[in-house]
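Taking it in order: structure first as structure tokens, then the write-up.
In the text below, chain A, chain B and the rest are named by the order of the sequence lines, each starting its count at 1.
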2 protein chains.
Amino acid sequence: MTEAVRVHLELRNDIIGGEFAPGASVSEAELCARYGASRTPVREACRRLQEESLIHIVPFRGYFIAPLTVAEFRNLHEVQLVIDPAAAALAAERASAEQIRSIERWANYEYHTGQKSSYHTFLEWNQNLHVEIAAASGNELFAEITANLQARLIRYFYMVISMDSFGVDLAQEHREIVRAIKARKPEVARQKSSEHVLKTIARTMSLDFASQNSELASEINSISLEPSARQSMQTRSRRRL
Amino acid sequence: MTEAVRVHLELRNDIIGGEFAPGASVSEAELCARYGASRTPVREACRRLQEESLIHIVPFRGYFIAPLTVAEFRNLHEVQLVIDPAAAALAAERASAEQIRSIERWANYEYHTGQKSSYHTFLEWNQNLHVEIAAASGNELFAEITANLQARLIRYFYMVISMDSFGVDLAQEHREIVRAIKARKPEVARQKSSEHVLKTIARTMSLDFASQNSELASEINSISLEPSARQSMQTRSRRRL
DNA sequence: TAGATGCCAATTGTATACAGGTTGTACATC
DNA sequence: GATGTACAACCTGTATACAATTGGCATCTA
């Protein structure tokens with residue numbers, strides 16, 4: 001593995017994990033010291049993270065850790081609401097036996113409420129499950145887009161202290177999506193996926209956000225999606241039921 | 001504008017415009033000579049183009065112009081079929097007066113059949129229209145994804161000698177989408193956008209591809225989308241009509 | 001002759017020196 | 001005291017030297 005790739009992965013992980021304050025300025029020299037690499041691979045890593053919208057680069061000024069904003073949070077969910085169900089439906093048609101096994105493995109987590117370490121693991125499993133389902137669509141674009149959405153979304157979830165009882169609902173919804181994919185029922189998978197995203201949004205809005213971001217948290221709690229963004233699911237439900 | 005940005009834009013334009021053969025290998029030295037820059041900005045430009053899937057980088061081996069494949073063509077359309085209608089629906093709700101004016105400007109092109117230069121301009125206007133509609137959704141993620149999809153799709157359209165009479169249909173469909181957005185009718189915009197994408201796919205499959213890619217062309221002609229990918233539009237039509 | 005092995009040219013990955021731009025500060029001027 | 005300007009420190013952008021890796025080719029061996 002080259003230095004550039006290593007720095008990219010480690011820095012990315014640190015940003016997602018909250019090692020840097022959102023909006024904070026970081027210099028190349030700083031990153032070179034932290035990751036033990038020279039400027040060239042550090043620059044390359046930062047440029048890739050810019051493409052992933054985890055870092056903002058202002059020419060001749062420096063690098064800034066992408067801030068967490070209500071607009072981005074809403075945007076991510078709007079796109080997810082469109083991408084996830086479509087990918088789930090395709091996965092139900094095209095997933096290989098091996099891909100289904102892999103999906104089932106990620107869906108079989110145990111979330112022990114109240115444990116911080118368990119919560120972090122839980123978020124990673126959740127992320128992997130979503131990406132794995134998208135990959136099973138047989139369309140790598142869906143997988144790439146999903147990976148980017150999840151990486152950016154997880155930063156918001158890390159703000160949350162814990163999800164407590166929510167983990168149970170979430171696991172249940174995941175299993176329903178997986179069951180539909182395994183049963184080769186695209187429309188059920190699509191509907192379950194839509195419901196899951198909408199419920200996740202609803203759950204997030206009632207969460208107990210970490211105090212240092214209380215301003216953002218209260219703003220997030222006031223989000224409401226446009227009618228046409230929700231419409232995706234409603235149409236399906238009406239049609240199916 | 002920095003060298004890196006300039007090289008990125010020019011190289012990107014050259015790849016999209018077909019200046020390089022798909023799959024061709026290019027060395028850093030070659031690109032340095034061609035664009036009159038040193039290796040550092042050339043490398044940065046190539047890394048960004050890799051993120052956009054226009055170049056493949058194999059470590060220690062070199063850069064390869066992304067090949068045109070049936071799988072990619074299908075993947076791009078599958079994602080477009082999901083992104084475009086959703087963005088159009090949101091645009092109908094949230095587009096500003098200025099954005100609507102901008103969209104109308106891009107929709108008002110005149111395509112003179114048979115003229116090669118006119119055809120290229122036509123493709124650019126088409127691309128800009130799609131991106132502008134996505135931007136009017138008020139969600140920059142839709143705009144970014146659309147810009148990437150369009151950049152990659154246009155390489156396939158450049159293979160086509162001309163679209164002849166198709167330009168007329170296309171312009172008509174575009175105007176219908178724009179009309180729905182201007183009239184603030186999200187569901188009509190969504191439906192018209194879905195139809196437009198599906199019709200574009202159908203039109204492409206019956207096209208006269210340039211001979212040097214006849215193998216790819218015949219493969220493209222045999223594409224068929226999965227039922228659940230088409231389902232998006234059918235549901236809406238049934239529901240509306 | 002088929003296959004394995006070691007060397008070498010070519011190319012990319014990394015480190016670093018140098019150039020260019022930006023920001024903040026100190027000082028002169030009004 | 002407010003404002004504008006010059007300068008300096010700092011940082012990023014670019015160029016280039018050096019290190020590491022690859023793949024092909026020649027050579028050797030069975």
Could you state the [atom1]-[atom2] distance from [X] to [N], rounded to the nearest angstrom?
X: A:Tyr35; N: C:dG13; atom1: OH; atom2: P; result: 21 Å
X: B:Tyr63; N: C:dT12; atom1: OH; atom2: P; result: 6 Å
X: A:Glu3; N: D:dA20; atom1: CD; atom2: P; result: 12 Å
X: A:Glu44; N: D:dG13; atom1: CD; atom2: P; result: 15 Å
X: B:Ile55; N: C:dT12; atom1: CD1; atom2: C1'; result: 14 Å
X: B:Met1; N: D:dT14; atom1: CE; atom2: P; result: 12 Å
X: A:Leu31; N: C:dT14; atom1: CG; atom2: C1'; result: 17 Å
X: B:Ile57; N: C:dT12; atom1: CD1; atom2: C1'; result: 10 Å

Item to check | Neighbour count >12 (heavy atoms, 6.0 Å) for atom CD, A:Glu140 | outcome: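 No, because the 6.0 Å sphere around CD of A:Glu140 holds 12 heavy atoms or fewer from other groups.
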Next on the checklist: If the threshold is 4.0 Å, N to carboxylate O, is there a salt bridge linking A:Arg155 and A:Glu72?
Outcome noted: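 A salt bridge is absent here (no side-chain N lies under 4.0 Å from a carboxylate O).
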Checklist entry - Do B:Lys182 and B:Glu104 sit within salt-bridge range, that is, some charged N less than 4.0 Å from a carboxylate O? => result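 Result for this pair is yes, salt bridge flagged.
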[options]: which one has an atom nearest the side-chain heavy atoms of [X]?
X: A:Ser38; options: D:dT12, C:dG13, C:dA15; result: C:dA15
X: B:Ala37; options: C:dG13, D:dA15, C:dT16; result: D:dA15
X: B:Pro41; options: D:dA15, C:dA15, C:dG13; result: D:dA15
X: A:Phe60; options: C:dG13, D:dA15, C:dT22; result: C:dT22
X: B:Glu28; options: C:dT12, D:dA15, D:dT12; result: C:dT12

Checklist entry - Of B:Gly62 and B:Thr40, whose nearest nucleotide on DNA chain C comes first from the 5' end? => result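 Comparing both residues, the 5'-ward one is B:Gly62.
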Checklist entry - Are B:Arg61 and D:dG23 close enough that a side-chain N or O sits under 4.0 Å from OP1 or OP2? => result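 Yes, such a contact exists.
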Checklist entry - Is the phosphate of D:dT12, meaning OP1 or OP2, less than 4.0 Å from a side-chain N or O of A:Arg39? => result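 False: A:Arg39 side-chain N/O out of range (4.0 Å or more) of D:dT12 OP1/OP2.
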Checklist entry - Just checking B:Ala29: base, sugar-phosphate only, or nothing, at a heavy-atom cut-off of under 4.0 Å? => result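 Nothing: the residue B:Ala29, judged by heavy atoms under 4.0 Å, touches no strand.
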Next on the checklist: Mind checking if B:Arg6 touches a base, just sugar-phosphate, or nothing, with heavy atoms under 4.0 Å?
Outcome noted: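 Answer is nothing: B:Arg6 stays at 4.0 Å or more from every strand.
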Next on the checklist: Can you confirm whether the side chains of B:Glu132 and B:Asn128 place a donor and an acceptor under 3.5 Å from each other?
Outcome noted: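 Their side chains do not contain a donor-acceptor pair, so the 3.5 Å distance test is not met.
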Checklist entry - Using 30° and 60° as the class limits, which term best fits the ring planes of B:Phe73 and B:Tyr156: parallel, tilted or perpendicular? => result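 The arrangement is tilted - the two ring planes meet at 30° to 60°.
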